[in-house]
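All values derive from a computational prediction rather than experimental measurement. Start at 1 and go down the list; that is how both ligands and their atoms are numbered.
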Amino acid sequence: MDIDAPLESVKGVGAKTAEQFRLAGLETINDLVLFLPRKYEDFSDVVAISDIRPGKQTIKARCEKVETKRVRRGMQITTATLYDATGKLQSVWFNQPYRVKQLSAGDEFYFSGEFEFSYNRYQLTNPSAEKVSDTPVSTDRIVPIYRSIKGLKSQVVRKILVALKPFITMLDETLPVDIIKREKLISYSDALLALHFPKSIDDIERGRERLGYEELFVLLLAAQLNKQANARLSGWHIPFDQTAVRHFVEQLPFKLTDSQRRAAWEIIQDFEREIPMNRLLQGDVGSGKTVVAGLAARQAASEGFQSAIMAPTEILASQHANTLSALLEQLGVRVGLLTGSVKGKAREALYENIAKGNVDVIVGTHALIQEKVKFHQLGFVVIDEQHRFGVAQRQGLLKKSQRMPHLLAMTATPIPRSLALTMYGELDISTLNERPKGRKPIRTKVWSPNSREGLYNLIDEQLKAGRQAYVICTLIDDNPALEQKSVQEEYKKLRVGPFNHRKIGLLHGKMKPAEKDAVMTDFAKGNIDILVSTTVVEVGVDVPNATVILIENADRFGLAQLHQLRGRVGRSEHQSYCYLMMSDSSAPTRRLREIEKSDDGFYLAEVDLKLRGPGEIYGRAQHGELNLQVATMGDTKLIARAQRTARQFVESGRDLVQYKGLATQVEKYQRLTKLN
Ligand code: ADP
Ligand code: MG
C-alpha cells in the first residue's frame, strides 16, 4: 500500500464512503492516518454490573429483552435489559432502532456509555455496543473521538483505522534518528499508533509530544533556514550618519524613551550591514513606533535612499504622512502621500517624483504596490500594522527595489514569546516596552447600561475641560450595513439628547476616503468634541487631546481589539478614561475583567492567546497557514526544545536531502515567510 493512494484502496472503503471522506477533506491514506482524534473517552475498564457507578462505563453483557417504541415527534426509543453474571440493568437508545436487530442474536457484547440517572432511574444511555468476538473499536478501550464526518458513523472511521493498523506500524521514520534519540522521543509510527489506539493516557501524551515536537521543529527549521538564506542576500549598505540622526532627535518636540532609542539604534546598525534587515518592531499601542520609523527614514534619506511606509488604511496613511512631514520636511526630507484618493494629474506627478527620486519618504496604503509605482532607489520599507497585510502584499512592495531593501514590520499587537519564536522565528525583534514619560495609566471601567446617565455626565466633564471623546459602536452580526445603521442611530441619539450642546462627528467604513479624512482632520483639530465611530479608528489613529473612549457593546469585542481601541486615548499627559458599556446588565465576561484590570498589552496578549488561540488574534494571512494540529503555542518547553534542535541542525550545516517528507513541509513554511 502507498501512503498517497486514495482511500478507496483500503479494504472496507467503498466509493460512497470515500466520497464522504473526500468531502471532509480526506483523500489519501496519509490524510486519514493524520486525522487525529479530537479527544478520548476512557472505556478501558470493564466493570461487573453489580459494581457499576455513575459515569462513563463499559460492561460485558448479553441482552435479555430489546424493543423499540415510537414516541412523540417521531422519536424512537429503544430499550434493552442487559445482564451479566452479577446482575441486570436497563439501557436506552434514542433514534437507533437498528439496535433491536443487532442485539437480538444472543451474542455477548461490550457496552460503553454513560451510566446516569434519567427518567427516574439509573440506566446506560446511548451506549456503543460491539460483539465481544469482534475486535472492539468503540468499547472496552480508550476510545478516540474524531471530528465528525458527515454521512459516516464514528464507528466506521474507527474500523477503517483499525484496518490500517498494520500499515501504520510500517510507516517510515520522519525525523533524523539522532534527534529522536537525544530528545527521547518515540518513533513516528509508534506516535500515530499511540494516538489512534492508546492503551493508556501516557500513550496519548507521548504520541502528542512526538508529533507536536515534529510540527514545531519543521516550523522553526524553516525560520532558521530563511534567516540563513536572508544572510546570503546582499542589501543596501546605509552608513550611519551621526549628524543627521542628532539633528532629527534634537528637533523632536519630546525626548525619546529608552526603548525608542534602543530600537532606533538596532535599526541603524542593521542598515550598516550588507545584508538586508528583517526586523519586527513591536510596541504596545501609543508606545511611539512612528517616530522610530521616521528616524530610520531620515537616516536612509541622508544617504540618498528612499523609504516606503505602508499602512492598512487611508486614515492612517495620511496621519503618518502628516506626522512625518512635520518632523522631516524642516530637515529637507521630502514626504509624499500615495493613496486611492490621490487622483489624476496629482497622481501622475507623484509617480514621476517617486521614480526620479524627488520624494524621499513615500507613505501610502497598498496603492504603493501598484505596477505603476517605480522607485528611484528604495532602501527601506516599513509595514505598519503588519498583521493586516498578507505575504503577497509585503513581497509586492519589497520587489520594488533593485536589491532587497531593509524591512521593518511594525505591530501594536504585542506577541507572546512563544508565538514570536514560532511565527516570527526568522525575524529580529525590537520591543518598545514603555510609554512616553508622563503618561498616566488609562482608567478603565466596565459599565452597565442601567447607569448610562451618570456616565454621560462624566464624559461631559472631560469635554468641559477641553478634552475630546470617542464613542465606538460595534458591528452587529458582521453586517456592515447594520453597523452603519447602528453608528448613525447613536450619532442622532447623542446629538438630540445628552450632548445636544456639543459638536459631534460621525465616522464609518462606508464613507468615502476623502469624507473620512475630512472628519478625522476636524477631530484632530479639535473642531469636533465627540467622534461617534465604528472600529475604523481602531488601528493607529492618534489624537492626543482625546481622553475618553466609550465602547458600546464592549462584550462583543475581542480582547486585542478592545486594547487597540482603548489605545486611542492615553496619548498625552492628561488622565484618560475608557468605559466599556455592556450590551445588557448581565455579569461582565472574563475578557472585560481582564481588560479592566490591566493595560499592559503584553500581558493581555498572553491572556488572549490562552482564551482564543493564535489564529483568531494574529490574522489569517500568516497564521491560517500554520497547520499545527498537535502542538500548542502554550507549550513553551516543547517550543524551546524544538528551537534548540532546529538551530543546531542549521548551524551544523546538515541538509534535508535524506528526509523527503520533512523537506517538503519545511519548504512550504519557508515560502510563507521568505523575503524574496
Ligand atoms: P504607536 O506606537 O501606537 O503607533 P504613535 O507612533 O502613534 O504610537 O505615537 C503615539 C503618540 O505619542 C504620538 O502623538 C507621538 O507623537 C507621541 N510620542 C511618541 N514618542 C514620544 C515620546 N518619546 N514622548 C512623548 N510623546 C511621544
Ligand atoms: Mg501606529
Side chain, backbone, both or neither: the part of [X] lying under 4.0 Å from ligand 1 by heavy atom:
X      : value
Lys289 : both
Lys255 : backbone
Asp542 : side chain
Glu434 : neither

Determine whether more than 12 heavy atoms belonging to other residues, nucleotides or ligands lie under 6.0 Å from atom CZ of Arg334.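 Above 12, so yes.
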Does a sphere of radius 6.0 Å around CD in Glu250 hold more than 12 heavy atoms from other residues, nucleotides or ligands, not counting ones at 6.0 Å or beyond?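 Check passes, neighbour count above 12.
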Tell me whether [X] reaches ligand 1 (any heavy atom closer than 4.0 angstrom to a ligand atom).
X      : answer
Ser287 : yes
Gln319 : no
Ala412 : no

Which heavy atom in Ser576 sits nearest to a heavy atom in Ala546, and how many Å separate them?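 That would be OG-O, 4.2 Å.
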Would you name the heavy atoms of Thr257 and Pro436 that are closest together and state the gap between them?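 Looks like CG2-CA, 3.6 Å.
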Just wondering, do [Y] and [X] contact through their side chains at under 4.5 Å, heavy atoms?
X      : Y      : answer
Leu458 : Trp447 : yes
Leu256 : Leu295 : yes
Arg394 : Phe389 : no

For ligand 1, which atoms have a heavy atom of [X] less than 4.0 angstrom away?
X      : value
Thr290 : 4 (O), 5 (P), 6 (O), 7 (O)
Gly288 : 1 (P), 2 (O), 5 (P), 6 (O), 8 (O), 9 (O), 19 (C)
Thr257 : 23 (N)
Arg571 : 3 (O), 5 (P), 7 (O), 8 (O), 9 (O), 10 (C), 11 (C)
Val285 : 3 (O)
Gln260 : 19 (C), 20 (N), 21 (C), 22 (C), 23 (N)

Does Arg452 form a salt bridge (Lys or Arg N to Asp or Glu O under 4.0 Å) with Glu552? I'd like the steps, not just the answer. CA-CA 11 Å; Arg452 206 171 252 287; Glu552 294 286 346; 2.7 Å; yes
On a heavy-atom basis, I'd like to know which of Gly601, Gly570, Pro436, Gly286 is closest to atom 24 (N) of ligand 1.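 Result: the heavy atom closest to atom 24 (N) of ligand 1 is in Pro436.
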Name the orientation class of the two ring planes belonging to Phe271 and His406 (parallel below 30°, tilted from 30 to 60°, perpendicular beyond 60°).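 Rings of Phe271 and His406: tilted, 30 to 60°.
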